[in-house]
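First the structure, in the form of structure tokens, and then the observations on it.
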Amino acid sequence: MAVKTRPAVPVVKGTASADEIAAALKVAGGVIIRNAVSQEALDQIELDIRPGLENDTAWNGSFFPAQTRRTTAALQKSPTYAREICMHPLFQGVSSRFLTEKQWYWSGTEKQWTVSRPQLSNTIVFSIGPGAAAQPLHRDDSIHQRVTKFAEVYPSGREGTRRDSSIGFFVAGKKATKANGATRFIPGSHLWDHNNPPNEDLCEYAEMERGDAFMMLASCFHGGSANTTADEERLIFSTFMTKGYLRQEENMYLSVDLDVMRKYPVDIQKVAGYSLSEPFLGWVDSTDPRKLLDPNIPDNTDMWTGVEEPADDWA
Ligand SMILES: O=C(O)CCC(=O)C(=O)O
Ligand SMILES: [Fe+2]
């Protein structure tokens with residue numbers, strides 16, 4: 001099985017562009033972003049989600065260590081999480097570049113172009129306590145039944161938008177070190193063939209200060225590591241975006257009350273899943289599901305965008 005030398009771990013500043021981060025992800029599969037989220041936002045998010053962590057009990061299974069506490073449905077619990085993490089411009093910008101898909105189909109003898117934009121897949125807060133064992137190395141794209149073929153380099157253009165099902169954004173709510181269990185990952189493993197098993201010896205650790213973030217393609221091998229400290233909590237805000245036509249990992253429609261969703265601005269509602277994936281996927285009552293949140297918006301019953309290929313419209 002072809003395994004190339006490992007690329008270095010890319011580390012960029014929070015002022016980097018989405019294009020720079022996308023380019024680095026294509027090479028390494030994961031990127032560390034310094035100072036991605038402000039300390040004030042993290043203070044508020046922690047206040048919002050701490051009760052949920054305190055109410056959680058040990059996972060009944062082996063994937064999460066007994067010392068891990070989780071809380072989900074961040075949109076229900078923390079508008080600051082929604083705005084500052086889910087809608088982070090770099091997370092949204094990079095997700096648009098990898099996960100937006102354009103395709104044409106025949107309508108009679110006319111080609112009709114459609115665009116499917118990415119949506120939120122999950123929002124999970126992890127608190128991983130002292131003594132927690134390491135997670136096995138895994139790829140998060142298994143939830144979407146993905147089978148990755150070996151590639152020398154990440155494909156460009158439309159083929160590139162078909163490779164990954166999801167992108168993760170792990171924001172450090174507290175310092176993450178090798179000792180307290182920082183996420184480890186295998187740089188370059190997003191290009192590996194499905195049959196190529198992970199290898200612990202090839203791992204690097206995403207060590208972060210509070211407010212740094214680790215962005216990762218879902219095809220990259222990774223896992224939470226052992227927390228070998230006596231008294232340090234590792235606090236991670238973990239958010240994924242996925243394709244507009246795949247099932248969300250966390251069912252946002254059942255996890256977030258409609259009354260809570262109604263209070264959010266339109267951009268958050270759309271990213272949460274209240275929009276159509278063209279040509280006509282995800283409707284309610286044969287129209288845009290966002291009508292459930294705002295009955296005054298116009299009906300959307302167009303099943304295509306047009307005969308011209310739409311331009312890439314991200315900033
Ligand atoms: O704990 C971490 O850093 C990563 C968690 C993870 O990869 C998972 O739960 O799928
Ligand atoms: Fe994972």
Side-chain angles (χ1 to χ4, degrees), residues 9 25 28-33 36-37 42 49 52-53 56-74 85 91 95 120-146 148 164-187 189-190 192 194 197-200 202-229 232-242 246-250:
V9 178
L25 278 174
V31 176
I32 294 171
I33 306 167
V37 177
L42 293 174
I49 56 80
L53 288 175
D56 192 33
T57 50
W59 177 257
N60 183 16
S62 59
F63 190 65
F64 297 109
Q67 294 83 354
T68 296
R69 294 292 175 271
R70 293 160 314 274
T71 189
T72 59
I85 295 185
F91 185 36
S95 295
L120 209 50
S121 190
N122 69 45
T123 58
I124 314 176
V125 182
F126 292 110
S127 158
I128 298 120
Q135 274 186 326
L137 291 168
H138 61 277
R139 284 169 149 166
D140 282 353
D141 63 3
S142 57
I143 58 154
H144 287 123
Q145 304 285 342
R146 287 284 159 136
T148 307
D164 268 278
S165 55
S166 309
I167 294 185
F169 189 49
F170 299 98
V171 175
K174 286 188 173 179
K175 193 179 170 90
T177 63
K178 187 172 176 180
N180 73 18
T183 315
R184 69 200 185 293
F185 77 110
I186 305 180
S189 59
H190 61 306
W192 289 7
H194 191 64
N199 177 344
E200 289 284 351
L202 299 177
C203 283
E204 299 283 353
Y205 289 77
E207 293 197 299
M208 298 191 276
E209 295 294 329
R210 186 179 196 251
D212 294 348
F214 176 56
M215 204 182 289
M216 185 192 75
L217 299 175
S219 56
C220 187
F221 274 112
H222 70 285
S225 307
N227 185 338
T228 59
T229 67
E232 286 178 30
E233 175 194 43
R234 184 168 68 95
L235 185 64
I236 290 286
F237 305 116
S238 164
T239 313
F240 276 75
M241 290 284 292
T242 190
L246 291 176
R247 187 166 183 179
Q248 295 171 320
E249 181 174 349
E250 178 178 31

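Order of appearance sets the numbers: ligands from 1, and atoms from 1 within every ligand.
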With Val125 as partner, the option from Thr239, Thr71, Thr72 fulfilling side chain to side chain contact (heavy atoms under 4.5 Å, CB included) is Thr71
Asn122 and Glu250: side-chain donor and acceptor closer than 3.5 Å? no
Is the distance between the ring centroids of Tyr205 and Phe185 less than 6.0 Å? no
Could you tell me if Glu207 and Thr177 have a donor-acceptor pair between their side chains, going purely by distance under 3.5 Å? no
Could you tell me whether the side chains of Ser219 and Asp141 share a donor-acceptor contact shorter than 3.5 Å? no
Quick check: of its N, O or S atoms, which one does Asp140 have closest to the Fe ion (ligand 2)? OD1
Parallel, tilted or perpendicular: which describes the rings of Phe240 and Phe170, with under 30° parallel and over 60° perpendicular? perpendicular
Residues around ligand 1, heavy atom under 4.0 Å from any ligand atom, sorted by chain and number. Can you pull those? Phe63, Phe64, Phe126, Ile128, Gln135, His138, Asp140, Thr183, His222, Gly224, Arg234
Rounded to the nearest 10 degrees, what's the angle NE2 of His222 makes with NE2 of His138 at the Fe ion (ligand 2)? Could you check? 90°
Which class fits the ring pair Phe126 and Phe64: parallel under 30°, tilted 30 to 60°, perpendicular over 60°? tilted
